[in-house]
Amino acid sequence: MSGNGASSSSLNMISGEDVVNNNFSALVVDDSPLLRLLHDIHLKKYGLKVQVAENGKVAVDLFHLGASFDLVLMDKEMPVMNGVEATKELRAMGVTSMIVGVTSKDGPGEQQAFMEAGLDYCFEKPLTPEIISFLLEELNKHHNKD
């Protein structure tokens, strides 16, 4: 896992019951229908409103059309527009959503370029309920500062 100071030990201390705000929205961007469904189901269990996109271009187009999401789960390897390109584009557009990279390759070299594109965190897929709880806790912290 890469990110802003999160450690694997901090993931173990957070449970679904600790997640307070269920008004978050999420965009799941992945070319795999199975992983889109899996992440959609996990996020909805926590009360999130979820939309899915099959590649980075669809995600960027949604934001161009005025959509906004608190959380974006972004696959790295996709056709049309990959996650690195889409993340760079979203950040260039001024998107401040938490963007979390999701990759099947967990090597540090694989994640570095993805993180440099503007991710907040990067995890190996599929995301577990513990990781999703951690991300929602981070969203709560961010929204409580506002």
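Just the heavy atoms: all of them, side chains too, but no hydrogens, waters or symmetry mates, feed the values below. We're numbering straight along the sequence, starting at 1.
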- prompt: Do Arg91 and Asp120 sit within salt-bridge range, that is, some charged N less than 4.0 Å from a carboxylate O?
  reply: yes
query: How many angstroms lie between atom CG of Leu27 and atom CG of Asp40, to the nearest 0.5 angstrom?
result: 11.0 Å
message: Restricting to non-hydrogen atoms, name the atom on Gly118 and the atom on Thr87 that form the minimum distance, rounded to 0.1 Å.
response: C-CG2, 3.8 Å
query: Going from CG on Leu38 to CG on Asp30, what distance comes out if it is rounded to the nearest 0.5 angstrom?
result: 10.0 Å
- prompt: Which pair of heavy atoms, one from Ala53 and one from Ala59, lies closest together, and at what distance?
  reply: CB-N, 4.1 Å
task: Examine Val58 and Leu65 and state if one hydrophobic cluster contains both, with Ile, Leu, Val, Met, Phe, Trp and Tyr joined whenever side-chain heavy atoms are less than 4.5 Å apart.
output: no
- request: Answer yes or no: is there an ion pair linking Lys141 with Glu138, defined by an N-O contact shorter than 4.0 Å?
  value: yes
- request: Find out if a path of hydrophobic residues (ILVMFWY) with successive side-chain heavy-atom gaps under 4.5 Å connects Val102 to Leu139.
  value: yes
message: Does any part of the side chain of Val60, heavy atoms only, come nearer than 4.5 Å to the side chain of Met93, both counted from C-beta?
response: yes
message: Can a donor-acceptor pair be found, under 3.5 Å and without considering hydrogens, that links the side chain of Asp70 to the backbone of Ser25?
response: yes
- request: Assess whether side chain to side chain contact (heavy atoms under 4.5 Å, CB included) is satisfied between Val100 and Leu73, documenting all intermediate values.
  value: CA-CA 5 Å; Val100 177; Leu73 299 183; 3.9 Å; yes
statement: Closest non-hydrogen atoms of Val84 and Ala117, given as atom of the first, atom of the second and distance, are O-CB, 3.7 Å
- prompt: Yes or no on side chain to side chain contact (heavy atoms under 4.5 Å, CB included) for Ile99 and Leu90, after CA distance, side-chain angles and deciding distance?
  reply: CA-CA 9 Å; Ile99 303 178; Leu90 292 173; 4.1 Å; yes
query: Which value, rounded to the nearest 0.5 Å, describes the distance between His42 atom NE2 and Leu48 atom CG?
result: 13.0 Å
- prompt: Passes side chain to side chain contact (heavy atoms under 4.5 Å, CB included), His64 versus Glu89? Steps please.
  reply: CA-CA 11 Å; His64 273 299; Glu89 177 93 13; 3.9 Å; yes
message: I need the minimum non-hydrogen distance between Phe114 and Met74, along with the two atoms involved.
response: CZ-O, 3.3 Å
query: Where is the tightest heavy-atom contact between Lys57 and Met81, given as atom of each residue plus distance?
result: N-CB, 3.4 Å
Distance (rounded to the nearest 0.5 Å) between Lys76 NZ and Asp31 CG: 13.0 Å
message: Before you tell me yes or no, could you show the steps for Ile132 and Tyr46 under side chain to side chain contact (heavy atoms under 4.5 Å, CB included), namely the whole-Å CA-CA distance, both residues' side-chain angles and the distance that decides it to 0.1 Å?
response: CA-CA 9 Å; Ile132 292 170; Tyr46 290 96; 3.7 Å; yes
field: Backbone N/O of Phe69 and side chain of Ser97: donor-acceptor pair under 3.5 Å
entry: yes
field: Nearest atoms (heavy-atom pairs only) where Met78 meets Glu54
entry: SD-O, 4.1 Å
message: Are Ile131 and Tyr121 connected into the same hydrophobic cluster when the rule is that any two of I, L, V, M, F, W, Y join if their side-chain heavy atoms are below 4.5 Å apart?
response: yes
- prompt: Any side-chain heavy atom of Phe123 within less than 4.5 Å of one from Leu135?
  reply: yes
message: When you measure from the side chain of Lys49 to the backbone of Asn23, do you find a donor-acceptor pair of N or O atoms at a distance under 3.5 Å?
response: yes
Gln111 CD to Thr103 OG1 distance, which is reported to the nearest 0.5 Å: 7.0 Å
